[in-house]
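The structure under discussion appears below in the form of structure tokens.
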Amino acid sequence: MPYLLSILTYLPLLAAVVVVFFPKDQTKAIKYFTTGFFFVEFLLTLPLWFGWDSAQAAAGAAHSMWAFEEGPTPWIASLGVTYHMGIDGVSMLLVLLTNFLGVLAAWSGWEYIKTREKEYYIWLLILQTGMLGVFCSLDFFLFYVFWEVMLVPMYFLIGIWGGPNKLYAAIKFFLYTLAGSVLMLVGILVLYFRTGAVNNGVNTFNLDVMYKVALESGLQWWVFGAFFLGFAIKVPMFPFHTWLPDAHVEAPTAGSVILAGVLLKMGTYGFYRFALPLLPDATLRWLPFLMTLAIIGVIYGAMVSLVQKDMKKLVAYSSVSHLGFCMAGMFALTTAGIKGSVMQMINHGISTGGLFLLVGIVYERMHTREIKLYGGLAKLMPVYATFFMIITLSSIGLPGLNGFVGEILILLGAYHMSAALLFSKSLIFFLAGGMLLGAAYMLWLYQRVFFGEVTNPHLEEHCKGHDMKAREWGYMIPLVLVAFWIGLYPKPVLDKMDKSVAFVISRMQPAIQKAEAAKGLTPPPVTPITETVIPPAEAAVPPAEAPAQAPAH
Amino acid sequence: MIPVSLLWLIPVLPLLGAFVNGVFGWKWEKDRRNVISGVALSSTALSMVLAFWNIATLWATNWGSVPERVGNVTVDAAHHAFALHLAPWLPVGDFLTGLGGRGHFNVEWLFVLDPLSAVMLFVVTFVGFLIHVYSVGYMAHDQGYFRYFAYLNLFMAMMLTLVLGGNYLVMFIGWEGVGLCSYLLIGFYYTKDSCADAGKKAFLTNRIGDMGFAAGLMLILYYFGTLDMAQVNAIAVGGTIPPWVITASAILLFVGATGKSAQMPLYVWLPDAMAGPTPVSALIHAATMVTSGVYLVARSNGLFSMSPTALTVVAGVGCFTALFAASIGLVQNDIKKVLAYSTVSQLGYMFLGVGVGAYAAGVFHLYTHAFFKALLFLGSGAVIHAMSGEQDIRKMGQLFQKIPQTYRTFLIGCIAIAGIPLFSGFFSKDEILWKALTSGDGPGKFGPLYSKVLFLVGASAALMTAFYMFRLLYVTFFNSDRVSEEAKHHLHENPRVMTVPLWILAVGAIICGYVGLPKLWTGSENVWERWLEPTLYLPGGHGEMAEGAHQAAASGAEALVHHSAGLEWGAMGLSVLVAVLGIVWATLWYKRETETPSRLAQALSGPYKVLLNKYFVDEIYFGAFIRPFVTMSRIASGVDRWLVDGTVNVVAYSNEVLGMLLRFFQTGYIRNYGLFILLGVLVLLYFYF
């Protein structure tokens, strides 16, 4: 189908416009329409998955690395802004994840949201457009637009339907991420003003052209710094993570699911798509610092998580730990590491999304997330306890479930890291420590919530006989199935990202070899990469304009 | 060949049982419990039949004339192994190994049937099935019947995956999977906090070991370029891998083994694990799961044999644990706790066996132990069941008349574990002690001193074993009658569904040792060793080895053979002597109620308290690791709130404050702005002129 990506991206926006014309009090119709729409949207995503091999083959024949590519067509021609959409294996998986979680998130709010339902679903739809746009755009300007657009709906979702401290959390979320992305914009402009040299003198935001730009190492360092802030706040990496617990605790269930499942992945995706391939030298120079932060995130996130008193806060801090894993895997700069990192992004969406859904289920009954008010829940809600156990196990990486696949690949990638890089052999021990702590805080949470005698009379009153409802079954079952599927047969998922990861590795390879040579290590023979469409960065070109003047334009 | 291609069904059948009971069992919980047990038992029985068929096939195979490949089954005739390549699992593709070669990380769902996995297969399915049968009676009155059988079946599935897994990663699925089932079953009575705590402790302690295991896997993969166990062994004995890599990866694997098999310093979870239902203790925490560490070492024998350092560690840890746990067992009063420490101690024995390079002997003890320890645990369960849940042996006594079947089978178990000749435990224990004594020039190159220390420590542990087992027997079944009136009222012999498995295991505990009669007795080669011999990757054993190492290994093997028969008879005599001594000692003190033990406890109150409180290891761990860590986490949480987030808020509020200050200048009066302009102009003029 031509223009599939654009259709996927703007269809939710169109649906939002349709919802506008619904009468305000027809909440049931709005719910059904929106959730139904999300389901259709998900079905429309499936051709990306099933048609992937042929789409990629077609792209290869057309000498492009992007499947389902649209454009580049001039959009704001005077500024060199193009409309360019397309996906590689990794963004395809993230698009799939986004639309998968979209259905579940929309479905989860049916009873939780009791005020201003119409607006709620409109914002949810707009948010979907923003997120899909981020993963599909191949023009940095377009990417930036979607990146910023997405903040607005989430701001309202938290600020209107959130908990008691919602305004604080919403503003913090908005300003913190905005502050990061403004700096990112500066970095983008620096790159922009250097595209002319490789594009017949015309500056452009088109990513394909930007990939040809080779910045000199010193400038790369600064651009990376700008990117780093934008992406690291989004991930979030320690110490830029404190907006996350607040946002999670205050956000409604669906907001938390989307936030954890998709929004955080944009940070890691940003590193994958832009920082690594565009700035390979700087990546290596920043690596010791980044890796340190990732390791701190893994351990520190787990420790803080251990002593939380609020379930959602606990899960939020566990995200800091899990995303630390993602970053560590990515910056191992090996095939296994990056694949593991992407796998972990998906797994985190499944397991942490699942945990937020589960917390939401019990919150709807008890209206509290305070762990100590629970205890003995397994007796009252056995089915719920079973689902919670499965998702817990997925989160702590039990073999046979999805989490394990990502973690083992990251460990592997970490171990295969080039000896020239810091933490090349020690990283694995920090990560193993993180896996151990992951089991500790999750099992302790589980014990406090589900085991022991029921001591809180309210629990008996609100939960006994109110085990999972059909709707709750409905949105938990798919998560559990996917968790098992990825755990038992991850091959299709991993195969899909083969070429895309190989491309990033091939971009990093010269820089790594340089570092190895500098340390006197024999460079290993380059792994043959099939079909690298974009050539590795060319020799540095003189700057077209001084980057400092960039904001003036 | 047909059964081998169905190998995957052996774990999958119990998995199906677990699924059916887990999903639909609640409907049958109230009034159709026989459906639940029917599902669980039939799935396990089918799995057992299939396993036996496979073992028989293995037995009957003529290795001279098997094809190399049939369908997705490959055959390794030299090692008597069938490998079933079921499906790809984790493909990452090529990478460069640490030695510059090209590795291939494409992990398959690979199942392997060879003499070693056949032994485990037999133990797990046979003992597992008996324990399923026993559970029908034992759990008859408990809540959560379907949950119990679902977990138990899941355990069988995971354990069989562990046993059959042909590469470390498939094994790791089973490895962590059995840990999960152990967690679920220890915490089966989850409303009791102690059970929930014990489950969590088991999982986390195991996870420490598992992380060592995982790190070992990474190291192996990086340097060996594969995770296929047969290949790893072959490469290890091939001599191309640097010795430190072999030692490090062997020790990391052993760290995993210490967690799962409850060895020093990670044994602490196993005694607490007795909080679970007793059949679970018998199956998971005695016969099968806890022995998987021994199995891992035996599976990786090529790796371990190449590293004397690793073998020294394994043998040392095993030997020390055997003594340490036995000493705690001397004074415990909970019937299951005694057995738990006994299990830790016996596992130590098995590690001593594999640690001295006598893999067949270690696995032999694993196999005999599965029978008599399962018997003892089920016997203790029968006692507890008859006593309406009482576990303290000080509140028992004179039970032999009331529950004679249980008593007789328990007695057989005690004799077997004590090591009285003609019972199974004797053959395996004696074999290990003998191999320890002669290990000075074995693959571990221990030298005469270390091997003698190993032997003597092992023999003293055997003395203690005989003593505490018969103490347990006497205090429970003889001595004075201390049973409460309440318990006496309900005291009854157990139903046949429980006693029949006891008798089958009792017969097993007597006869199962005869497959491994020592050469000293029969004059011909030890049948057990001949069965397992093809699975051993002794350097040079199958021509995979460089010439020099070949000779070294051969001379080691010869040295083993050349010890005199007199010495062997002497060692055997000593091991019988300590067993008899221990039994006599226990008889003198505990057959009738005597005051000697309590007087001794008073006289030596210090050491007694140390033993009674298990050397305070739990308290030390809590004080040294857990509490400091939780405190650190609380500090981290405070830092996060006040410092990390505080900084963010300070930045935000300082903007607000700045804004408020600037607001004073934005008065809205033209005259003020005029004044500011004037002042500004004056300042500029000042600077320019």
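Reminder, nothing fancy here: chain letters follow the sequence lines and each chain counts from 1.
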I want to check something: taking the side chain as every heavy atom from C-beta on, are B/Arg641 and A/Val304 in contact at a cut-off of under 4.5 Å? no
Going by atom types only, do B/Asp193 and A/Gln447 share a side-chain donor-acceptor pair under 3.5 Å? no
Please classify the contact between B/Ala652 and chain A as side chain, backbone, both or neither, with a heavy-atom cut-off of under 4.5 Å. neither
Contact part of B/Leu217 toward chain A, heavy-atom cut-off under 4.5 Å: side chain, backbone, both or neither? neither
Residue A/Asp498 versus chain B: region with a heavy atom under 4.5 Å: neither
Are side-chain heavy atoms of A/Tyr300 and B/Asp640 found at a separation under 4.5 Å? yes
At a 4.5 Å cut-off on heavy atoms, which part of B/Leu180 comes close to chain A: side chain, backbone, both, or neither? side chain
What are the two closest non-hydrogen atoms of A/Ile428 and B/Met218, and how far apart are they? CD1-CG, 3.2 Å
B/Ala196 and A/Phe451 have their tightest heavy-atom pair at CB-CD1, 3.5 Å
Side chain, backbone, both or neither of B/Asp210 within contact of chain A (heavy atoms, under 4.5 Å): neither
Closest approach of B/Trp89 and A/Leu488, non-hydrogen atoms and distance? CD1-O, 3.2 Å
Counting C-beta onward and ignoring hydrogens, is there a side-chain heavy-atom pair between B/Arg207 and A/Leu437 closer than 4.5 Å? no
So for B/Trp109, is it side chain, backbone, both, or neither that comes closer than 4.5 Å to the heavy atoms of chain A? side chain
Within the structure provided, determine whether B/Val644 and A/His241 are in side-chain contact (heavy-atom separation under 4.5 Å). yes
Taking the side chain as every heavy atom from C-beta outward, state whether A/Tyr489 and B/Leu90 have any pair of such atoms under 4.5 Å apart. no
Kindly determine whether A/Met389 and B/Tyr183 satisfy side chain to side chain contact (heavy atoms under 4.5 Å, CB included), including the steps that lead there. CA-CA 12 Å; A/Met389 176 52 83; B/Tyr183 164 78; 3.4 Å; yes
To the nearest 0.5 angstrom, please state how far the OG atom of B/Ser633 sits from the CD atom of A/Gln308. 10.0 Å
Between B/Leu219, B/Val651, B/Thr161, B/Val630, which residue shows the highest count of heavy-atom pairs closer than 4.5 Å to chain A? B/Leu219
Taking the side chain as every heavy atom from C-beta outward, state whether B/Leu169 and A/Phe404 have any pair of such atoms under 4.5 Å apart. yes
Any B/Tyr190 side-chain heavy atom under 4.5 Å of A/Lys379 side chain: yes
